[in-house]
Protein chains: 2
Amino acid sequence: MDVQQLTQRIEQLGIAASPAAAGSAGSQLLSYFFTPKSGSKHPDNAEQDLKLVVAAIEEEKNLGPAKALAASVGLKDMRAVSGADLEKLLGRTRDQASPLSLPPSLAPSTLLITSTSLSSASTVSLPSPSDPSQSLSLSNEEWHKALLQLKQEGVALKEAEFFLKGVEPPKPAAQKAAGAPASTASTSAAAGRVAQADLEGQAGVQLGLTVKKEQSVFGDWYQQVLIKGEMLDYYDISGCYILKPWSYGIWQEIQTWFDRHIKALGVSNAYFPMFVSSTVLEREKDHIEGFAPEVAWVTRAGKSELEVPIAIRPTSETVMYPYYGKWIRSHRDLPLKLNQWNSVVRWEFKNPQPFLRTREFLWQEGHTAFQTKAEADEEVLQILDLYRRVYEELLAVPVIPGVKSEKEKFAGGLYTTTVEGFIPTTGRGIQGGTSHCLGQNFSKMFNITVEDPANPGGDKLHVWQNSWGLSTRSLGVMVMVHGDDKGLVLPPRVAQLQVVIIPVGITAKTTEDMRKKIEDEADRIAKELVKQGLKAKADLRDGYTPGFKYNDWELKGVPIRLEIGPKDLEKQSVMSVRRDNGVKGALPIADLSSSVPALLEQIHHDMLNRARETFDKSIVKVEEWEKLVPALNGNNIVVIPWCEAEKCEDEIKDRSAKESVSGAEDERAPSAGAKSLCIPHDQARFGSVEGKSCPNCGEKAKRWTLFGRSY
Amino acid sequence: MDVQQLTQRIEQLGIAASPAAAGSAGSQLLSYFFTPKSGSKHPDNAEQDLKLVVAAIEEEKNLGPAKALAASVGLKDMRAVSGADLEKLLGRTRDQASPLSLPPSLAPSTLLITSTSLSSASTVSLPSPSDPSQSLSLSNEEWHKALLQLKQEGVALKEAEFFLKGVEPPKPAAQKAAGAPASTASTSAAAGRVAQADLEGQAGVQLGLTVKKEQSVFGDWYQQVLIKGEMLDYYDISGCYILKPWSYGIWQEIQTWFDRHIKALGVSNAYFPMFVSSTVLEREKDHIEGFAPEVAWVTRAGKSELEVPIAIRPTSETVMYPYYGKWIRSHRDLPLKLNQWNSVVRWEFKNPQPFLRTREFLWQEGHTAFQTKAEADEEVLQILDLYRRVYEELLAVPVIPGVKSEKEKFAGGLYTTTVEGFIPTTGRGIQGGTSHCLGQNFSKMFNITVEDPANPGGDKLHVWQNSWGLSTRSLGVMVMVHGDDKGLVLPPRVAQLQVVIIPVGITAKTTEDMRKKIEDEADRIAKELVKQGLKAKADLRDGYTPGFKYNDWELKGVPIRLEIGPKDLEKQSVMSVRRDNGVKGALPIADLSSSVPALLEQIHHDMLNRARETFDKSIVKVEEWEKLVPALNGNNIVVIPWCEAEKCEDEIKDRSAKESVSGAEDERAPSAGAKSLCIPHDQARFGSVEGKSCPNCGEKAKRWTLFGRSY
């Protein structure tokens, strides 16, 4: 068909199609054409038959190679129509073809199998029949009209579902087009796979992100990048998530590093039971007050009601400290430094957020006891610095160490130090990990004392205690800071795959010998890098294009892609592509064992520096109140010369919340009011605070303090 | 006083004392004598005053050096009475002295402070006043009578409690002596430490084992060795225990080793939530039937009743497999191999046993899925061999790999393989770890299917699944197999301290310079060994004798002790003492970095070989029924040519239980009947089974099978 014919065709089909808007969210159409193999014995597969399978591009991964696709929808002994034949039939190349290119003459001999995802997609994009360089965007209603028209012309219609690994169909359009001919959606789904009814309620998943980090509801982007990047999956109990190997492996990297460093400080690991009796849990009233509303209670075992309900630990202070009182009998038993790697349960009723707010989460909790305050103070900072290093040296996430205000400190503790992170996209601060000095409050509560060696027989000394924790929340921060529109961007030192090697440039003309050479070399390079201690592999999956593989590994955030094709092999080099910034460069194969580790390190530093630059730029120094809320609204946090009065902190929060543009607080969203994030240890970077006044109350400022909206 | 005087004294005190029976369990008395320092300004401490502190020897660790002891009971400015002075006062050396050596003339000027542990001890042993080479054993009643008599003679009485790190007073005598003068137990406990009321119900702890492995109720020995060896502590919720660093560290060694090996098999770690919805949990009816009576249910969060109760996982098949159904979409997604390191909860109502039967326990659970049975079969054995290696290569515990009978296999699985261990002291088998082939049962239940690549469009293939688990039970087996009357014996490869270096031969005459030289050298050697990658330290604790330190580290099972004194230093050698067999040998200091690792390896092999020899000797080949129960009663297990009929297995259990000498089954004790333990993979070691008949039913034997009493 020529252009004119095709334009007519659109009219014929009764479609009010409009050019697709850039970045529109609808499903882009993929078309596959099959025809029976010559000599096919199947009577169903008459020679003139054309089978056309269409699906959303997001489902590409599901479809597999053409042969498997045909099989999955029950087409037997078919072959894909060659490009030349397709041009003869439709006057269009494969990329330009769609069901709309189908001339009426072919309709009676065509079977069109459409993905169920398309019948519920809000829009369907496909090559414009009139101008194949353009895309057309059809509304749901228009798409169904077109199908109805094709049906009336004699096309046989079927639907199939294409779900594969971790991939589910797009969510139905919010409003189904009124009057859409439901009958076109045949229920005789030939094949494919049906989502399990009992797993309903889990988020829908598509290959590739359908939302952009900066231009959409951030939570949608975050959820997509986690699920499509295979970091986690939703679970059928709200607020609980499955940590898949891709994220759990990162947590193990953090564990290994942190475990080694705390052992060097003399900390030992132990394991205390997950259960706490109510009497012990409730011993420290102030402490438990904060946790009580979130405590999960076991009341039944088998069919027996327990005599006394038993709590699942929300944290282990009250689990452990009675035994500290028992074990610590003399100053010789000090310091006592124990750590646990475990999970705790806080049954929050607020909207859950993967990694950030979950009902069960993994963490480490350290609990230490010292004879003197000086020792406790020293350890608080040693641990805090390890937390800083976890973020900066492993996750390439910059954080600011400091101390929490009295209002924000750990309930029942003496003071709390924190490493504060920043999510640029939302302009919010996020607490990265906290190291508390508990003072003597708990030791008095649990009677943890020693004889004062300096005053035998005199008053007992209550020990000085610390507790400190870092959780899988750190993984959420990492994802939020580094991820982009293509998916995850994993920091190289913790990525579970650091380098993926992909054969390229293999066409129909490539000899089998050359193909094997390239694949063997890709595999050899991978093995060589693994020998160097790197995490590398060659992606030799059959039936997937290099482009598909690029997208796949970009979505999963692998730091370096190495491409190797016939010309590379000739030049004995590979093309490296960095995930973090897309920069390409040729690397001689002979040097890979040094150039790749160096490049990984470079990526780490670049990621950290870029994120730090953004963080630094987003800290606005505010000395007059009028500038505070505008700064917040510009997605920044602020540093102010602060009086450190608790009343003033409350006022700042209320005042900034009221003045915020988005005054209406959404239960899902973090608060719009500014809380104090921390009083940075590094005061010098903000200059002298001498003589400055608090921008809220006008009182004399004590220290520079970070305020901001936060998670 | 001379012997006659002392004999009279016993009569005077009205004591019906009897010589102490060898190995009797009562508390042995320790006596400390103090007198005011000359020039003391304290008017309370008149020159003629004698202060006598007595405690149980089990509390020695608590008492600390004499100076600290005096301070802890409120005695100020006192010094220990010299040996010479003591002989003058009492006519007895320090070792021979006790409150019973106190002549009436000294009574009015004596303050006697007794440990509360003694007033409730079932018996008190002390040097006989008439024959100091003998011990006298006083019943609780007699002890109180003696105290009453001393009080009447003018002795002032006080009680104090001496609890230190992990040490609690002996359990009260089962029957308090009728008419014992309670008033002698003054409640004005001068000092020391009071056990926390809320921790009651925990087992009492004493330094050093008071029971022998072979001569007592094995459970008592096991409990003591775990608590005194600091492997664990009891917790205030029954069936839950605290894993202290000494045991948790061993678990981490197992984790590190096993994790590395399963990763080499392509297994990845993940984390699934601890909670399961009741619908999912109960999906597989047969499977859940076994677990249902032990499931702990969360029904409340904060003050809200949950709409639907939520279970805590007893195992994760039903937690994970719905997602396997979702993730496995094609044969390309196979094999799927995930493992979890987590804790599971089985709320057993049977008597708990540390490590062996606990309500929460740590384990790993692997869950894998394959396209073919052959792959699943292969992995079952690969994992089983890793379990064997954990036992043999890490814990030095021999096990026998084999397959479980149909009756004993995992409910819902196809077949179960196991590594079976053996506890010689009780003559019982113990299951060490199981690797199950689940067949296609769960994949049918949870609809985990793939397209058959050999038959596209044909029937779906249900995947073949395995699950396999190893728990902290392994630590219990290790303790039971290796421990002895002195305490733990830790296998060197997992011990958290492999070598302890103890300065010896330092007396009052040793110069300060020499003492420092020895201590420095001990420390230097420790550091040198640590540099070699060993776990070593020098025990330089002040105020403890070498003997005390020997006992302490023997109790805790440290594989090698190195003693270094002035003569050793001169010869540039140290004396090594093996924990496993007590063998001593001089080792040149210059060679320690090679000789110590070699010795550790030797110890490992010797421990394993000794345990294997015992295991092998305890497998009695039985071909006639009459010999079966006698073999069991001789603390053996048996291997029989077995017909493999389930009915026959039931009969063997019933018949052997009835014929057992200790027919009365104790709820605490494992069953007296013989269960099938496993059908060993290595059949050849038992010779040909051809032509043999089952000793129970007389049917044709299929394979040699291990039967025995078991845990």
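Each chain gets a letter, A, B and so on, in the order the sequences are listed, and its residues count up from 1.
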Side chain, backbone, both or neither of [X] within contact of chain A (heavy atoms, under 4.5 Å):
X: B:Val308; result: neither
X: B:Leu338; result: side chain
X: B:Thr256; result: neither

Option in [options] with maximal non-hydrogen atom pairs under 4.5 Å from chain B:
options: A:Trp251, A:Phe272, A:Trp341; value: A:Phe272
options: A:Pro456, A:Gly458, A:Pro245, A:Cys240; value: A:Pro245
options: A:Met320, A:Glu294, A:Met274, A:Lys303; value: A:Met274
options: A:Leu232, A:Val295, A:Ile242; value: A:Ile242

Spatial distance of atom OH (A:Tyr324) from atom CD1 (A:Ile448) [nearest 0.5 Å]: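 Separation between the atoms: 8.5 Å.
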
Kindly give the heavy-atom pair with the smallest separation between [X] and [Y], and that separation in Å.
X: A:Pro293; Y: A:Phe349; result: O-CE1, 4.0 Å
X: A:Lys535; Y: A:Gln496; result: CD-O, 3.3 Å
X: B:Asn455; Y: B:Asp459; result: ND2-N, 4.0 Å
X: B:Ala369; Y: B:Ile328; result: CB-CD1, 3.8 Å
X: A:Phe355; Y: A:Thr472; result: CD2-O, 3.5 Å
X: B:Tyr241; Y: B:Tyr234; result: CE2-CE2, 3.6 Å

Is [X] close to chain B through its backbone or its side chain, or both, or neither, when contacts mean heavy atoms under 4.5 Å?
X: A:Ala296; answer: both
X: A:Lys337; answer: neither
X: A:Phe291; answer: neither
X: A:Pro309; answer: side chain
X: A:Ser247; answer: neither

Applying side-chain contact (heavy atoms from CB on, under 4.5 Å) to B:Gln340 and A:Tyr248, what does each step give before you reach the verdict? CA-CA 10 Å; B:Gln340 290 198 83; A:Tyr248 191 84; over 6 Å; no

Largest heavy-atom contact set with chain A, pairs under 4.5 Å, which of [options]:
options: B:Val298, B:Asn342, B:Ile312; answer: B:Val298
options: B:Ser343, B:Ala301, B:Ser304; answer: B:Ala301
options: B:Leu362, B:Leu306, B:Thr358; answer: B:Leu362

Partner set under side chain to side chain contact (heavy atoms under 4.5 Å, CB included) for B:Ser471, not counting sequence neighbours: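 Testing B:Ser471 for side chain to side chain contact (heavy atoms under 4.5 Å, CB included), a comparison that skips the adjacent residues, returns B:Phe361, B:Trp363, B:Arg473.
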
Considering only residues two or more places apart or on different chains, which pairs with a residue in residues 266-282 of chain A satisfy side-chain hydrogen bond (donor to acceptor under 3.5 Å, both in side chains)?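 Only A:Asp259-A:Asn269, A:Asn269-A:Asn339, A:Asn269-B:Gln252, A:Tyr271-A:Arg313, A:Tyr271-B:Glu360, A:Ser277-A:Thr279, A:Ser277-B:Asp236 qualify under side-chain hydrogen bond (donor to acceptor under 3.5 Å, both in side chains).
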
